[in-house]
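Worksheet for the structure shown next.
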2 protein chains.
Amino acid sequence: MNDEPKRYHHGDLRRALLDAALDVLAEGQGWKFTLREIARRAGVSHTAAYKHFPDKAALLSELAAIGFERLRTDLDAALSNRSQASADSFVAMARAYVGFGLSNPNLYRLMFSADARQRANVRRDDRGEAALDILIEFIEMGQRSGWLREGDAREFAGAGWAHLHGLTLLMIDDLLAPKVGPNACEAAIAVLLEGLIASPQK
Amino acid sequence: MNDEPKRYHHGDLRRALLDAALDVLAEGQGWKFTLREIARRAGVSHTAAYKHFPDKAALLSELAAIGFERLRTDLDAALSNRSQASADSFVAMARAYVGFGLSNPNLYRLMFSADARQRANVRRDDRGEAALDILIEFIEMGQRSGWLREGDAREFAGAGWAHLHGLTLLMIDDLLAPKVGPNACEAAIAVLLEGLIASPQK
DNA sequence: ACCTGAACACCGTTCAAGT
DNA sequence: ACCTGAACACCGTTCAAGT
């Protein structure tokens, strides 16, 4: 397919560097990689990256943005094909969140690492907290339907995000299964759901 | 007090290195520090550390162990002076957990970093998941008293730990306050509590 | 037994120079 | 406009040598 062998100018080195980094994250152990290795994989000198990213932190920040975008895609997919906000769709979304972390452990850790975040202050609203936005919208719908507790939807969403974030990280690090058992993840999601639904008597 | 100036032999260099590292964590931005800087602070050659730690990861692992110990101390302190497991004492413990993270952000991140954990496989039961053990015990008591929902205490504790862990990290990174508001932390703790207490009608 | 100094391989980053 | 090569400051780690 790619019939042009190797030219001096790469074409889209920026994209190639990002893809190489995503590959390393997908294979690798840990989210720490070297800029020189990425350049090596892209078949380019290790200084070429600096024409496309001011420094390594900028590359990490861009990778984090890609990760947040993919996470949002996964969450949206879990919620689509479901008519409205129900307990089932909440559980599906929660599973999708944790599932994203377990499928992309290194990327997920990178997304919340200090290195990636130090430059993410720019336009962090439109992507970083996408999960939070989705949760807010979901909870507002659930409250209108009456099955979610009344109260500040943003605060409930924050609690939900915190719960799913911590659960995802503990699952990635395999810190729950040894002592809690194989049902740790499902049980944790159930506790969160229970904390958000309206009390039956109120 | 310390009337002996500087000897060739340090005395307790191991402890001095750990203290210097804890100082850097307490001051510093980020939990990344250099072994050479720690040695510099301890007033010693940068190769001296290798007589006390096999490598940098071992130092990090030891620091993480110290952090888990301090966290347990804080949680125990929050639960002491309280006659028994009540909703109030649960909230106090939850606040102590998040408070520990906010007071020691770099140490808390280090405790759950891959670098510190790669060597922590040894004797990780007796310290790493101390918070989980405390939660399990607390929940078992609350269940006996009847105000906590019936079910697998270890699973509830796992859910609680996940919730507090995620909340702590999001608070450290200041990811909740901007969009959720100043009550984000208290609200999240309330949601967790709601998810664990027994339904009033059951 | 404990620490130092030189050395090695490596990394992020810069910059003059090539195409 | 885009990439390379040499160079710089730095780091983790090793090891022979000092006290």
Side-chain angles (χ1 to χ4, degrees), chain A residues 2 4-21 23-25 27-64 106 110 113-120, chain B residues 2 4-21 23-25 27-64 106 110 113-120:
Chain A
N2 186 6
E4 355 195 17
K6 292 203 176 181
R7 297 168 306 173
Y8 191 80
H9 290 70
H10 191 284
D12 194 356
L13 181 54
R14 179 188 169 83
R15 189 70 231 170
L17 289 169
L18 289 171
D19 287 341
D23 283 350
V24 172
L25 286 177
E27 307 167 8
Q29 39 281 6
W31 57 269
K32 284 162 127 67
F33 54 78
T34 186
L35 207 55
R36 286 165 119 104
E37 184 192 356
I38 303 303
R40 216 177 299 136
R41 290 206 178 214
V44 92
S45 166
H46 68 270
T47 59
Y50 288 87
K51 279 290 158 183
H52 302 273
F53 302 96
D55 52 22
K56 188 183 179 183
L59 209 205
L60 296 178
S61 186
E62 191 67 34
L63 290 170
N106 294 324
L110 170 64
S113 77
D115 292 327
R117 177 147 286 100
Q118 73 185 55
R119 284 186 176 273
Chain B
N2 187 5
E4 356 194 15
K6 290 201 178 184
R7 297 168 305 171
Y8 191 79
H9 289 71
H10 191 285
D12 194 355
L13 181 54
R14 179 186 168 84
R15 190 68 233 172
L17 290 169
L18 290 171
D19 286 341
D23 282 351
V24 172
L25 286 177
E27 308 167 8
Q29 38 282 4
W31 57 268
K32 287 161 123 68
F33 55 78
T34 187
L35 207 56
R36 285 164 119 103
E37 183 191 355
I38 303 303
R40 214 176 300 135
R41 290 204 177 215
V44 92
S45 165
H46 66 271
T47 59
Y50 289 87
K51 279 291 157 185
H52 302 274
F53 301 97
D55 52 22
K56 188 184 180 182
L59 209 204
L60 295 178
S61 185
E62 191 68 34
L63 289 171
N106 294 324
L110 170 65
S113 78
D115 292 327
R117 176 148 289 100
Q118 73 185 55
R119 284 188 176 272

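Naming convention: chains lettered A, B, ... in sequence-line order (proteins, then strands); numbering from 1 in each chain.
Under the 4.0 Å criterion applied to side-chain N and carboxylate O atoms, B/R41 and B/E27 are assigned as salt-bridge partners. A salt bridge does not link B/K56 with B/D115: every distance from a Lys NZ or Arg NE/NH1/NH2 to an Asp or Glu carboxylate oxygen is 4.0 Å or more.
Residue B/T47 is in base contact, counting any heavy-atom pair closer than 4.0 Å across all strands shown. B/K56 comes within contact range of the sugar-phosphate backbone alone, with a heavy-atom separation under 4.0 Å but no base atom that close. Residue A/H52 is classed as a sugar-phosphate contact, given heavy-atom separations below 4.0 Å to backbone atoms only.
One can place NZ of A/K32 at 15 Å from P of D/dC11, the figure rounded to the nearest angstrom. Atom P of nucleotide D/dC3 and atom CZ of A/F53 are separated by 12 Å, given to the nearest angstrom. Here the P atom of nucleotide C/dC11 and the CG atom of A/D55 are 17 Å apart, to the nearest Å. The separation between B/L60 atom CG and D/dC11 atom C1' is 14 Å, rounded to whole Å. Distance, A/R40 CZ to D/dC3 C1': 17 Å, rounded to whole Å. The nearest whole Å value for the distance from the CG atom in A/D115 to the P atom in C/dT13 is 10 Å. Atom CG of B/L13 and atom P of D/dT19 are 19 Å apart (whole Å). The NE2-P distance, from A/H46 to D/dC3, rounds to 15 Å in whole Å.
The partner of C/dG18 is D/dC2, judged by Watson-Crick or G-U wobble contacts that both fall below 3.5 Å. Nucleotide C/dA7 is matched to D/dT13 when pairs are restricted to Watson-Crick or G-U wobble geometry with both distances under 3.5 angstrom.
By the 4.5 Å heavy-atom criterion applied to side chains, B/E37 and B/V24 are counted as neighbours. Residues A/F33 and A/D23 fail the side-chain proximity criterion, which asks for heavy atoms closer than 4.5 Å.
If you check D/dT13, C/dG12, D/dC3 against the side chain of B/Y50, the one that comes closest is D/dT13. Comparing C/dG12, D/dC3, C/dC11 against the side chain of A/A48 picks out D/dC3 as the nearest.
Judged purely by atom type and a 3.5 angstrom limit, B/N106 uses its side chain to pair as donor or acceptor with the backbone of B/G30.
Annotation: of the two residues near DNA chain D, A/K51 and A/R36, the 5′-most nearest-nucleotide partner is A/K51.
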